[in-house]
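Please read the structure below before turning to the comments.
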Protein chains: 2
Amino acid sequence: MPAATVLIVDDEEQVRSAIDGLVRSAGYRSALYASAVDLLAKPLPAGVRCLVTDVRLPLVSGLDLQRELAKRGERIPILFITGHGDIPMSVRAMKAGAIDFLPKPFRDQDILDAIAGALAEDMRLKELEEELTSLRIRFESLTPREREVLEFVSRGLLNKQIAAELGLSEITVKIHRGSAMRKMEARTVVHLIRMMEALERGALQVQTPV
Amino acid sequence: MPAATVLIVDDEEQVRSAIDGLVRSAGYRSALYASAVDLLAKPLPAGVRCLVTDVRLPLVSGLDLQRELAKRGERIPILFITGHGDIPMSVRAMKAGAIDFLPKPFRDQDILDAIAGALAEDMRLKELEEELTSLRIRFESLTPREREVLEFVSRGLLNKQIAAELGLSEITVKIHRGSAMRKMEARTVVHLIRMMEALERGALQVQTPV
DNA sequence: TATACTCTCGTACGATAGGATAGGTCGCTT
DNA sequence: AAGCGACCTATCCTATCGTACGAGAGTATA
């Protein structure tokens with residue numbers, strides 16, 4: 001497993017290299033960006049990661065960056081730092097899901113603690129996402145009919161009822177249900193229900209951009 | 001349904017009455033407290049409600065109050081206002097689940113919007129809580145054995161397996177299972193699973209005090 | 001054209017679920 | 001002592017589930 005990566009966005013070279021040194025000394029890898037645009041230009045590094053950014057940046061602010069990443073579906077824990085921030089700014093960032101918001105000057109340990117927390121959070125969510133992705137892949141492999149049948153199954157309908165609902169014979173429903181269970185690798189109905197709930201919840205748990 | 005109540009905590013009489021007037025003009029009921037201790041001394045008003053408090057209070061601060069309410073299991077949306085707050089303070093409050101954090105001076109509309117949001121949130125959570133309470137009451141009405149059996153059922157075990165697990169005959173398991181389903185008012189296994197999941201999740205979704 | 005996939009339906013069989021009915025033990029309360 | 005609730009077990013019966021085996025029809029693709 002590669003080391004965790006800390007993405008650092010700041011328009012001041014001094015700040016970047018200072019945090020860079022701090023982060024490297026803590027054993028993390030780092031990726032430096034002079035602006036939000038730079039960061040958005042290319043795909044983010046893979047693996048466990050978090051983002052440290054100044055709120056006040058030229059052109060595209062840290063908050064704009066947060067919103068843009070959310071819009072792109074890039075889930076990444078964000079840690080804001082700022083020299084001239086105010087309370088409404090911090091509240092807005094936190095509401096949008098920021099991990100922390102540190103006003104300068106801060107102690108080295110403060111930001112390292114926050115980074116450690118952010119990375120731990122990212123790892124936790126990554127595990128959940130992997131689970132969910134695995135589920136989604138399996139769900140995608142279902143035929144439309146199989147998906148339809150599963151929807152009814154997860155609502156607690158009997159095969160007979162599903163058959164009536166879809167205008168099919170009960171046997172056909174059983175067939176679809178059986179092959180769907182195999183494709184989803186669900187041993188029992190209970191297992192299946194949990195999967196379906198995870199799929200539904202996962203789709204809704206997207207971070208709301210503010 | 002009685003009107004929503006806004007609890008107002010501030011040590012300055014002027015501030016209290018100002019917000020009180022604002023809140024009343026918006027059609028809400030209000031409850032005024034000169035200190036956090038005052039509020040904690042008696043049970044909170046029932047119904048839909050939210051709390052507006054200054055962060056900086058003598059003896060027990062707004063953040064202390066937030067923590068104390070969480071510790072007591074009193075879930076209530078909190079809206080902080082402050083004249084001399086700083087960013088770390090606001091971040092801490094938001095991390096602990098505050099709805100908003102408004103620095104003075106603020107426009108009347110700002111706080112009214114925040115209050116409306118807080119009350120809407122409280123109403124939403126109250127509905128979920130009612131559902132959960134209803135579930136809990138039914139679950140409490142189960143005998144220990146019935147609860148045990150349901151635990152296994154919700155893990156996807158067959159009656160036969162549950163019987164082996166508990167050292168019972170399969171028939172006995174069926175009996176317990178049946179009466180448990182009746183008491184829980186679950187028509188199908190799927191319905192039951194959803195209930196059990198809600199119970200487990202509900203117990204874990206407590207707001208983490210910071 | 002041939003192959004593959006999907007959807008459909010049937011019969012048959014074994015396993016499971018769930019209820020009705022009937023019986024018994026144990027411990028606590030009235 | 002009697003009653004009650006929790007707990008345990010059994011047999012009988014029915015509905016449902018799950019699968020195996022068999023088979024036809026439509027559609028897309030190589």
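Just so it is clear, the values below take in all heavy atoms, side chains as well, and ignore hydrogens, waters and symmetry mates. Naming convention: chains lettered A, B, ... in sequence-line order (proteins, then strands); numbering from 1 in each chain. Computed from a predicted structure; not experimentally measured.
- For A:T53, the side chain to side chain donor-acceptor pair (under 3.5 Å) criterion is met by no residue, not counting sequence neighbours.
- A:R187 has its CZ atom 19 Å from the C1' atom of C:dA15, to the nearest Å.
- At most 12 heavy atoms of other shown residues, nucleotides or ligands fall within 6.0 angstrom of atom CD in B:E131.
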Which nucleotides of nucleotides 7-18 of chain D have their base under 4.0 Å from a protein heavy atom (B), which only their sugar-phosphate (S), and which neither (-), written as one string 5' to 3'?
SSBBB----SBB
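- In terms of the salt bridge (Lys or Arg N to Asp or Glu O under 4.0 Å) criterion, B:D86 has no residue partners (sequence neighbours excluded).
- The salt bridge (Lys or Arg N to Asp or Glu O under 4.0 Å) contacts involving residues 26-39 of chain B comprise nothing, where partners must be two or more places apart or lie in separate chains.
- Taking B:E13 as the reference, nothing meets the side chain to side chain donor-acceptor pair (under 3.5 Å) condition, with sequence neighbours excluded.
- The distance between atom CG of B:L142 and atom P of D:dA6, rounded to the nearest whole Å, is 10 Å.
- Residues A:V153 and B:V190 are not in side-chain contact: their nearest non-hydrogen atoms beyond the backbone lie 4.5 Å or more apart.
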Distances under 3.5 Å only, N/O to N/O: pair up the protein atoms with those of nucleotides 27-30 of chain C.
none

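- Across B:I78, B:T82, B:V91, a single residue satisfies side chain to side chain contact (heavy atoms under 4.5 Å, CB included) together with B:F101, and that is B:T82.
- Legend: side chain to side chain donor-acceptor pair (under 3.5 Å) pairs involving residues 56-65 of chain A, not counting sequence neighbours, sorted by first then second residue: A:S61-A:D64, A:D64-A:R67.
- Taking the salt bridge (Lys or Arg N to Asp or Glu O under 4.0 Å) definition, one finds that A:R24 meets it with A:D20, sequence neighbours left out.
- Of the N and O atoms on the side chains of A:S134 and A:R138, at least one donor lies less than 3.5 Å from an acceptor on the other residue.
- Within 6.0 Å of NZ on A:K160 lie no more than 12 heavy atoms contributed by other residues, nucleotides or ligands.
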Nucleotide by nucleotide, 5' to 3', does protein get under 4.0 Å of the base (B), only the sugar-phosphate (S), or neither (-) in nucleotides 25-30 of chain D, counting heavy atoms?
------
Counting only pairs under 3.5 Å, give me each side-chain donor-acceptor contact of residues 161-171 of chain B, with atom names and distances, residues two or more places apart or in other chains.
from   : atom 1 : to     : atom 2 : distance (Å)
B:Q161 : OE1    : B:L158 : N      : 2.7
B:S169 : OG     : B:I171 : N      : 3.2
B:S169 : OG     : B:T172 : N      : 3.4
B:S169 : OG     : B:T172 : OG1    : 3.3

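- Taking the C1' atoms of five terminal pairs at each end of the helix from C:dT1-D:dA30 to C:dT30-D:dA1, the two resulting helix axes are inclined by 30°, rounded to 10°.
- Within the structure, every pair that satisfies the salt bridge (Lys or Arg N to Asp or Glu O under 4.0 Å) test and touches residues 39-52 of chain B, not counting sequence neighbours, is listed here: B:R49-B:E74.
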